[in-house]
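This one's a predicted model, so the numbers in the text were calculated from it and none came from an experiment. Numbering of ligands and ligand atoms starts at 1, following listing order.
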Amino acid sequence: MEIIKAKTFFDGDTGVLKGDKISRSERRLKDMEGIFTDKDAYERMPPDTLVYKVEVHEAVKDIPGGLYFGVSHVYPGRVGHEYFMTKGHFHARRDTAEYYWGITGHGVLLFMDEKRTVWAEEIIPGSLHYIPGNIAHRLINSGDSELTVGACWPSDAGHDYTTIVNAGFSARILEKNGRPEIHF
Ligand code: PAN
Ligand code: ZN
């Protein structure tokens with residue numbers, strides 16, 4: 001029997017995934033209608049502006065007991081005073097949890113439970129974040145370089161974006177005097 005060569009690679013410095021079974025997606029401003037609070041600032045910006053990219057190693061598809069490994073790359077920028085961020089979601093299978101960890105940059109992880117109580121953790125390279133089940137989560141790039149965050153979650157968790165598109169999070173992270181501030 002031979003030792004099989006690795007087919008997929010994770011660059012520990014940049015978070016970039018290379019090799020087999022990787023899917024990639026990106027979100028531009030035009031894909032994020034209704035997400036940012038300052039509608040005028042949003043309308044003034046080029047709709048093609050890239051906000052974030054996600055790479056996912058999909059060893060399996062939507063299988064109970066399976067896992068996904070992903071890396072999110074959130075670019076620096078703001079819409080008005082609001083930092084570039086992910087859409088944010090609950091998992092469709094609400095009770096599924098997730099790990100996030102910081103790879104590059106500086107950011108904030110915003111959590112919200114189903115009663116709309118929010119809290120936030122600072123993300124820096126090497127920080128580890130456990131997102132329990134039943135908790136919506138969103139990444140915010142509060143720095144001036146790319147925020148790169150690793151993630152691992154159950155492959156049957158799914159994403160519920162609708163709840164967030166309709167009702168948002170009950171807090172936002174806005175820039176004030178060059179620093180992130182939580183606004184309710
Ligand atoms: C992450 C997110 C990723 C992009 O992989 O999907 O950061 O954020 P949105 O999905 O909110 O656009 C994750 O939490 N997966 O479950
Ligand atoms: Zn998730």
- Salt bridge flag under 4.0 Å for residues Lys21 and Glu58: no

Mind checking whether Phe69 and Thr8 have side chains closer than 4.5 Å, heavy atoms only? no

Pair His159-His91, side-chain donor/acceptor within less than 3.5 Å: no

As a test of reading the model: which N/O atoms of the protein lie under 3.5 Å from N/O atoms of ligand 1, and at what distance?
from     : atom 1 : to     : atom 2 : distance (Å)
ligand 1 : 7 (O)  : Ser72  : OG     : 2.7
ligand 1 : 10 (O) : His89  : ND1    : 3.2
ligand 1 : 10 (O) : Tyr161 : OH     : 2.5
ligand 1 : 11 (O) : Gly88  : N      : 2.8
ligand 1 : 11 (O) : His89  : ND1    : 2.9
ligand 1 : 12 (O) : Tyr52  : OH     : 2.5
ligand 1 : 14 (O) : His89  : NE2    : 3.1
ligand 1 : 14 (O) : Glu98  : OE1    : 3.0
ligand 1 : 14 (O) : Glu98  : OE2    : 3.0
ligand 1 : 14 (O) : Tyr100 : OH     : 2.6
ligand 1 : 14 (O) : His137 : NE2    : 3.3
ligand 1 : 15 (N) : Glu98  : OE2    : 3.1
ligand 1 : 15 (N) : His159 : NE2    : 3.4
ligand 1 : 16 (O) : His89  : NE2    : 3.3
ligand 1 : 16 (O) : His91  : NE2    : 3.1
ligand 1 : 16 (O) : Glu98  : OE1    : 2.9
ligand 1 : 16 (O) : Glu98  : OE2    : 3.3
ligand 1 : 16 (O) : His159 : NE2    : 3.3

- Item | Over 12 non-hydrogen atoms of neighbours within 6.0 angstrom of OH in Tyr161 | yes

Q. Counting N and O atoms only, with roles assigned by atom type, does the side chain of Ser155 sit under 3.5 Å from a partner on the main chain of Ile63, one being a donor and the other an acceptor?
A. yes

message = Check whether Arg94 reaches the backbone of Glu114 with its side chain - one donor and one acceptor, N or O, closer than 3.5 Å.
response = no

Tested for side-chain hydrogen bond (donor to acceptor under 3.5 Å, both in side chains) against His73, the lone hit among Glu55, Lys53, Glu26 is Glu55

Would you say that Arg138 contacts Met112 through its side chain, given a criterion of any heavy-atom pair below 4.5 Å between the two side chains? no

Does CZ belonging to Arg179 count more than 12 external heavy atoms closer than 6.0 Å? no

Shell check on the Zn ion (ligand 2): protein N, O or S atoms less than 2.8 Å away are His89 NE2, His91 NE2, Glu98 OE1, His137 NE2

